[in-house]
A.B. asks: 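Structure in structure tokens, see below.
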2 protein chains.
Amino acid sequence: MNVKGGMTIGEAAKRSGVPPKTIRFYEDAGIIAPAARGDNRYRSYGESEVQTLRFIHRARGLGFSLKDVGELLALYRDRNRASREVKALALRHVAELDRKIAELSAIRTMIAVLAERCHGDERPDCPILDELDKA
Amino acid sequence: MNVKGGMTIGEAAKRSGVPPKTIRFYEDAGIIAPAARGDNRYRSYGESEVQTLRFIHRARGLGFSLKDVGELLALYRDRNRASREVKALALRHVAELDRKIAELSAIRTMIAVLAERCHGDERPDCPILDELDKA
DNA sequence: TTGAAGATTCCATCATACTGGAAGGATGAT
DNA sequence: ATCATCCTTCCAGTATGATGGAATCTTCAA
């Protein structure tokens, strides 16, 4: 075995959905902290690391850049630092997320309308992009 | 002047937020149709093209790939084709958007909680990533 | 009419985010 | 013991999505 109860990079990959290569890449890129190593020099991961990887996986799937993800993770790690700047950063992210959610909702509505109202319809125009612009 | 009332690529760029280079790139990549040309071989754009560019701009900002954007635009263009497949594709996108919106909302909540509850607090753990996993 | 500004094409380069492959060491089941 | 499988590092290559620059027109305003 390795570091007390830790899992290998392969197991962490399976549990998180992030391939081993990509996990190493994230480590090199400084997105995650260097993993603990066992006597055999293998990286060792615990549940919290897997959780972080899962978070990265989901955030990436939502279109966040690695830079964004790093900032979100730093925010999480620094949650006890009580700094005004950290709070301000968090609030900026919340505002940004609200904007994203609103825009996604607008697009969702547009696509839903396309699916429900316009299919097979011979009307020459469904002015949906117009409506979206007003949203 | 150019094609009846059309604007140049530079104007379209200003109105849409997409730089001229990028507009040409989108044309080359087949994301948008080749623009009409005037006698001087300049590309000419109307309001609807600008609207499309604005849509692309926003969708890209939301993390959609150019492939996704192309598909959404095709969906819009084909809205009168009445095909079962087009409707099915639209509904798949709606489901996907609902999922994205739900995940973004979960992350939004997490960041908001970080901002409001955990700043300056000496509690050793805010189990927010855990909660997020359940979401 | 003479520039400055903005258009054209084409080709190169960049940034982000992986992904593949080689060469070698460790592990684990038969 | 051996063989597949997984780990290690390192370096190269790929995919996506632009972006920069050169060389050359066109337009427009002074």
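To find a chain, count down the sequence lines: A is the first, B the second, and so on, and within it residues start at 1.
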A.B. asks: Where the side chain of Tyr42(A) is defined as all heavy atoms beyond and including C-beta, which of dA18(D), dT27(D), dC7(D) is the nearest nucleotide?
C.D. replies: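 Selected nucleotide (nearest to the side chain): dC7(D).
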A.B. asks: Testing the basics here: between Pro20(A) and Ala13(A), what is the closest heavy-atom pair and its distance to 0.1 Å?
C.D. replies: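 Smallest heavy-atom distance, with atoms named: CD-CB, 3.5 Å.
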A.B. asks: Which residue pairs pass the side chain to side chain donor-acceptor pair (under 3.5 Å) test with at least one member in residues 22-32 of chain B, sequence neighbours excluded?
C.D. replies: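 Side chain to side chain donor-acceptor pair (under 3.5 Å) check on residues 22-32 of chain B returns Glu27(B)-Arg43(B).
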A.B. asks: Quick one: Arg43(A) CZ to dC7(D) P, roughly how many Å, whole number?
C.D. replies: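 Roughly 10 Å, once rounded to whole Å.
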A.B. asks: Which side-chain N or O atoms in residues 88-97 of chain B pair as donor and acceptor under 3.5 Å with protein atoms at least two apart or in another chain?
C.D. replies:
| residue | atom | partner | partner atom | Å |
| --- | --- | --- | --- | --- |
| His93(B) | NE2 | Glu71(B) | OE1 | 2.8 |
| Glu96(B) | OE2 | Arg99(B) | NH2 | 3.0 |

A.B. asks: Taking only the side-chain nitrogens and oxygens of Asn40(A), find out if one of them lies under 4.0 Å from OP1 or OP2 of dT27(C).
C.D. replies: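 Checking dT27(C) against Asn40(A), a side-chain N or O does come within under 4.0 Å of OP1 or OP2.
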A.B. asks: Considering the terminal five base pairs at each end of the helix from dT1(C)-dA30(D) to dT30(C)-dA1(D), what angle separates the two local helix axes, rounded to 10°?
C.D. replies: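 Inter-axis angle at the termini of the helix from dT1(C)-dA30(D) to dT30(C)-dA1(D): 10°.
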A.B. asks: Going by number, which of residues 22-30 of chain B have a non-hydrogen atom under 4.0 Å from DNA chain C?
C.D. replies: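 Arg24(B) - these, ordered by number, are the residues of the stretch whose heavy atoms sit under 4.0 Å from the strand.
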A.B. asks: What protein N or O atoms touch nucleotides 20-23 of chain C N or O atoms at under 3.5 angstrom, if any, and at what distances?
C.D. replies:
| residue | atom | partner | partner atom | Å |
| --- | --- | --- | --- | --- |
| dG20(C) | N7 | Lys21(A) | NZ | 2.9 |
| dG20(C) | O6 | Lys21(A) | NZ | 3.2 |
| dG21(C) | N7 | Lys21(A) | NZ | 3.2 |
| dG21(C) | O6 | Lys21(A) | NZ | 2.0 |

A.B. asks: Mind checking whether Phe55(B) and Ile107(A) have side chains closer than 4.5 Å, heavy atoms only?
C.D. replies: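 A side-chain contact under 4.5 Å exists here.
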A.B. asks: Once side-chain hydrogen bond (donor to acceptor under 3.5 Å, both in side chains) is applied, do any residues pair with Ser105(A), and if so which ones, sequence neighbours excluded?
C.D. replies: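 side-chain hydrogen bond (donor to acceptor under 3.5 Å, both in side chains) list for Ser105(A), sorted by chain: empty.
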A.B. asks: Check the distance between dC6(D)'s P and Ile9(A)'s CD1 and give it to me in whole angstrom.
C.D. replies: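 Rounded to the whole Å, the gap is 13 Å.
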A.B. asks: Let me know the distance between CZ of Arg37(A) and P of dA26(C), rounded to the nearest Å.
C.D. replies: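 Nearest whole value for this atom pair: 14 Å.
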A.B. asks: Round to a whole Å and report the spacing from CE of Met7(A) to P of dC7(D).
C.D. replies: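 Rounding to the nearest Å, CE of Met7(A) and P of dC7(D) are 12 Å apart.
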A.B. asks: To the nearest Å, give me how far apart NE2 (His57(B)) and P (dG17(D)) are.
C.D. replies: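 It works out to 15 Å between those atoms.
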A.B. asks: Measure the distance from CD on Glu11(A) to P on dT27(C) and round it to the nearest whole Å.
C.D. replies: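 After rounding, the gap between these two atoms is 14 Å.
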